Structures are given as C-alpha cells and as structure tokens.
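For reference, the structure discussed in these notes is given below.
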Amino acid sequence: MIKFKGVKKVYPGGIVALHDVDLEIKKGEFVFVLGHSGAGKSTFLKLILHEETATEGVVTVNGYNLSKIKQKDIPYMRRGLGVVFQDFRLIPTMTAYENVAFAMRVTNIPEREIKKRVPYVLNLVGLAHKAKSFPPELSGGEQQRVALARALVHSPPIIIADEPTGNIDPELSVEIMELLKAINSVGTTVVVVTHEHDLAQRFNKRMINIENGTVVADSNAGAEVNGYDI
Ligand code: ADP
C-alpha cells in the first residue's frame with residue numbers, strides 16, 4: 001500500500017529531513033508514525049501525499065511510483081488516500097453535509113449517489129444529527145469527525161490522520177482513536193502521524209519511530225491485519 005525504499009529528502013538549503021527510510025505499510029494495518037517535533041513526520045506525510053518528492057529512493061502509494069507518476073494519474077492516486085488534517089480544513093460557510101458532499105461533487109459523482117453516501121458516512125462517524133450545522137457551530141471533536149467523514153467518502157483503502165489529537169480535548173482523543181480503530185477493523189489501512197507517544201502506547205499497534213530523519217524503531221507489536229473492505 002505504502003512503500004519507502006532508500007528514501008532521502010533534502011530541502012533547499014541542504015537540510016536533510018529524511019534519510020535511509022525503508023518501510024512497508026500493508027493492507028489492513030493500523031500504524032502509528034511517531035516522532036518529536038522536527039523529526040521528519042510532516043516530510044514523511046508530504047512524500048506520501050506527493051506534496052514533496054523524494055530526493056533519492058522510491059515512494060510507492062497504492063501501486064503508483066511517486067517519482068514517476070504522470071500528472072493525469074495524480075488525482076486517482078490522491079483519491080486512494082483519505083486524509084484528516086490537523087486543522088480539519090473544513091469550509092466554514094458550508095454545512096457538515098455540504099462539506100462532505102463537496103468532496104464528491106468535485107469528482108463529478110451523480111447527485112443521487114451523493115444523497116445516499118453523505119448521510120451514510122456522517123452516520124458512520126456519529127454525526128448524522130449535525131448534518132445541517134456549520135463548522136463554527138460544532139465542537140473541535142465534531143469538526144474532526146466531519147473531516148473524517150469527508151476523508152471516508154470515496155472509500156479510500158488508506159486513511160491518514162495527521163496529529164489527530166492536536167486540536168481537540170484529551171478525552172476526545174481516545175474517542176477519535178476508537179473511531180479510527182473501527183474503520184480499520186473493516187479493512188481500511190490507517191496511518192496515524194503523531195508526537196504523542198503516550199496515546200500510541202495505549203493501543204497495541206505497530207509503532208514506527210522517526211528520530212532525526214530516520215526510522216529508529218519499528219515495532220510490529222500486536223499488529224493484526226484486517227482484510228475486509230467497506
Ligand atoms: P516534524 O513534522 O516531525 O516536526 P518536519 O518533517 O516538519 O518534522 O521537519 C523535518 C526537518 O526538515 C526539520 O529540521 C525542519 O526544519 C526541516 N524542514 C521541514 N520543511 C522544510 C522546508 N520546506 N524547507 C526547509 N527545511 C524544512
């Protein structure tokens with residue numbers, strides 16, 4: 001699903017953000033990518049999203065070699081990745097329903113499919129009753145669940161959550177993690193990027209530790225792989 005082979009990323013000015021990264025995240029896995037500030041987590045994420053390209057080595061996502069991907073294939077590659085950004089990136093003037101529907105409209109999905117799918121994903125994240133609310137009327141945890149619903153709308157094989165506990169109350173952190181676990185249990189690969197070692201430690205899942213731009217530990221503890229699709 002996601003493969004890094006001999007990956008190095010050097011930013012202009014010669015800053016080596018990542019080096020010697022070799023890893024594979026397989027279908028159905030639940031993985032924490034851990035590291036302190038400046039370790040290289042965002043760079044790792046940007047390489048997967050093709051917002052940055054590797055200076056050396058190969059990053060493969062859902063079968064696409066991102067060093068060689070054609071411009072026309074980029075939207076298809078991206079559709080295979082559901083991303084929940086730390087700052088949620090919701091459109092404040094659109095309701096929860098419209099925020100999710102918008103993600104489908106931009107890919108020209110017929111309206112009748114949107115009418116079926118949006119309530120389904122909002123229900124999946126426990127927000128059916130807030131469909132008509134605007135983001136500023138929702139709590140941080142609720143906004144995050146709208147962002148998660150939007151990430152799920154195309155049934156992506158991979159969900160990536162960037163610092164999912166960064167902008168919400170600590171008690172809601174466990175809630176969102178449980179939701180991600182439930183999504184994983186039906187077969188979606190989940191990658192959680194976080195600096196919160198304590199939170200990750202509570203889950204018996206694979207932990208990839210990044211320090212000073214490279215993987216210093218990769219535990220497969222209790223990593224059971226789920227193999228069904230939603
Ligand atoms: P993290 O997300 O773990 O905090 P980053 O991937 O953002 O780490 O950063 C890794 C290293 O790369 C840091 O030293 C950071 O200052 C540097 N860096 C990140 N982005 C850029 C950039 N666009 N230009 C130059 N250096 C960068």
Side-chain angles (χ1 to χ4, degrees), residues 1-25 29-62 64-69 71 74 77-78 80-90 140 143-144 147-148 150-151 156 158-170 172-173 176-177 180 184 189-203 205-221 223:
M1 300 237 101
I2 297 175
K3 201 170 170 184
F4 278 59
K5 202 158 181 276
V7 172
K8 184 175 188 179
K9 174 65 191 177
V10 184
Y11 284 113
I15 297 153
V16 181
L18 286 179
H19 64 93
D20 302 297
V21 179
D22 285 285
L23 60 86
E24 189 170 358
I25 298 171
E29 277 197 89
F30 191 118
V31 182
F32 287 99
V33 175
L34 291 159
H36 299 294
S37 177
K41 302 181 300 297
S42 305
T43 303
F44 178 79
L45 190 58
K46 283 177 181 165
L47 289 175
I48 293 172
L49 301 179
H50 200 50
E51 287 177 7
E52 293 284 353
T53 43
T55 313
E56 279 176 27
V58 178
V59 178
T60 311
V61 173
N62 288 330
Y64 292 101
N65 175 338
L66 300 190
S67 306
K68 292 185 182 162
I69 192 167
Q71 203 64 31
I74 293 172
M77 185 282 292
R78 284 298 317 272
L81 295 170
V83 188
V84 185
F85 293 99
Q86 184 174 7
D87 55 2
F88 316 136
R89 301 194 190 174
L90 299 174
Q143 290 182 48
Q144 186 175 49
L148 180 57
R150 184 183 55 189
I158 305 172
I159 284 282
I160 300 176
D162 182 20
E163 296 284 3
T165 57
N167 279 323
I168 55 170
D169 295 337
L172 290 174
S173 303
I176 192 76
M177 294 308 300
L180 290 168
N184 172 249
T189 305
V190 175
V191 179
V192 177
V193 180
T194 182
H195 67 280
E196 293 204 55
H197 286 73
D198 292 351
L199 183 83
Q201 224 96 79
R202 286 196 239 159
F203 297 84
K205 301 290 182 189
R206 179 176 173 192
M207 288 188 271
I208 297 172
N209 283 273
I210 302 183
E211 262 177 41
N212 295 320
T214 202
V215 176
V216 291
D218 185 349
S219 85
N220 252 310

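Quantities reported herein were computed from a predicted structural model and do not represent experimental measurements. Atoms within a ligand are numbered from 1 in the order they appear, just like the ligands themselves.
- A parallel orientation is assigned to the rings of Phe44 and Phe4, their planes being inclined by less than 30° (bins at 30° and 60°).
- Looking at Lys9, its side chain does come within 3.5 Å of a backbone N or O of Thr53 through a donor-acceptor pair.
- Checked by distance only, ligand 1 and Ala39 come closer than 3.5 Å through their nitrogen or oxygen atoms.
- For ligand 1 and Ser37, the ligand atoms under 4.0 Å from any heavy atom of the residue are 4 (O).
- Distances from atom 16 (O) of ligand 1 to the protein include no heavy-atom value under 4.0 Å.
- Considering only non-hydrogen protein atoms, atom 19 (C) of ligand 1 sits nearest to Tyr11 CE1, 3.4 Å.
- Scanning all protein heavy atoms for the shortest distance to atom 13 (C) of ligand 1 gives Gly38 O, 3.8 Å.
- Remark: side-chain polar atoms of Ser219 are paired, donor with acceptor, to backbone N or O of Met207 under 3.5 angstrom.
- Here Lys46 has no heavy atoms under 4.0 Å from ligand 1, in either its backbone or its side chain.
- Side chains of Lys8 and Val16 form a contact here, defined as non-hydrogen atoms less than 4.5 Å apart.
- In this structure, Thr60 OG1 and Glu24 CD are separated by 9.0 Å, a value rounded to the nearest 0.5 Å.
- Residue Gly40 places a heavy atom under 4.0 Å from ligand 1.
- The distance criterion of under 3.5 Å between nitrogen or oxygen atoms is not met by Ile15 with respect to ligand 1.
- Near His36, meaning under 4.0 Å from one of its heavy atoms, ligand 1 places the atoms 3 (O).
- For Asn212, the CG atom sits in a loose shell: 12 or fewer heavy atoms of surrounding residues, nucleotides or ligands are nearer than 6.0 Å.
- Remark: ligand 1 atoms within the under-4.0 Å shell around heavy atoms of Ser42 are 1 (P), 2 (O), 6 (O), 7 (O).
- Residue Glu52 has no N or O atom closer than 3.5 Å to an N or O atom of ligand 1.
- Atom 12 (O) of ligand 1 has as its closest protein heavy atom Ala17 CB, 3.4 Å.
- Side-chain atoms of Arg150 come within 3.5 Å of backbone atoms of Phe88 as a donor-acceptor pair (strictly under, hydrogens ignored).
- Shown in contact with Lys41 at under 4.0 Å from a heavy atom are these atoms of ligand 1, numbered in order with element: 1 (P), 2 (O), 3 (O), 4 (O), 6 (O), 8 (O).
- Scanning all protein heavy atoms for the shortest distance to atom 6 (O) of ligand 1 gives Thr43 OG1, 2.6 Å.
- Considering CD1 of Ile25 and CD1 of Ile48, their distance stands at 5.5 Å, rounded to 0.5 Å.
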Inset, instruction - Show your reasoning for whether side chain to side chain contact (heavy atoms under 4.5 Å, CB included) applies to Met77 and Leu66. - result: CA-CA 9 Å; Met77 185 282 292; Leu66 300 190; 3.9 Å; yes
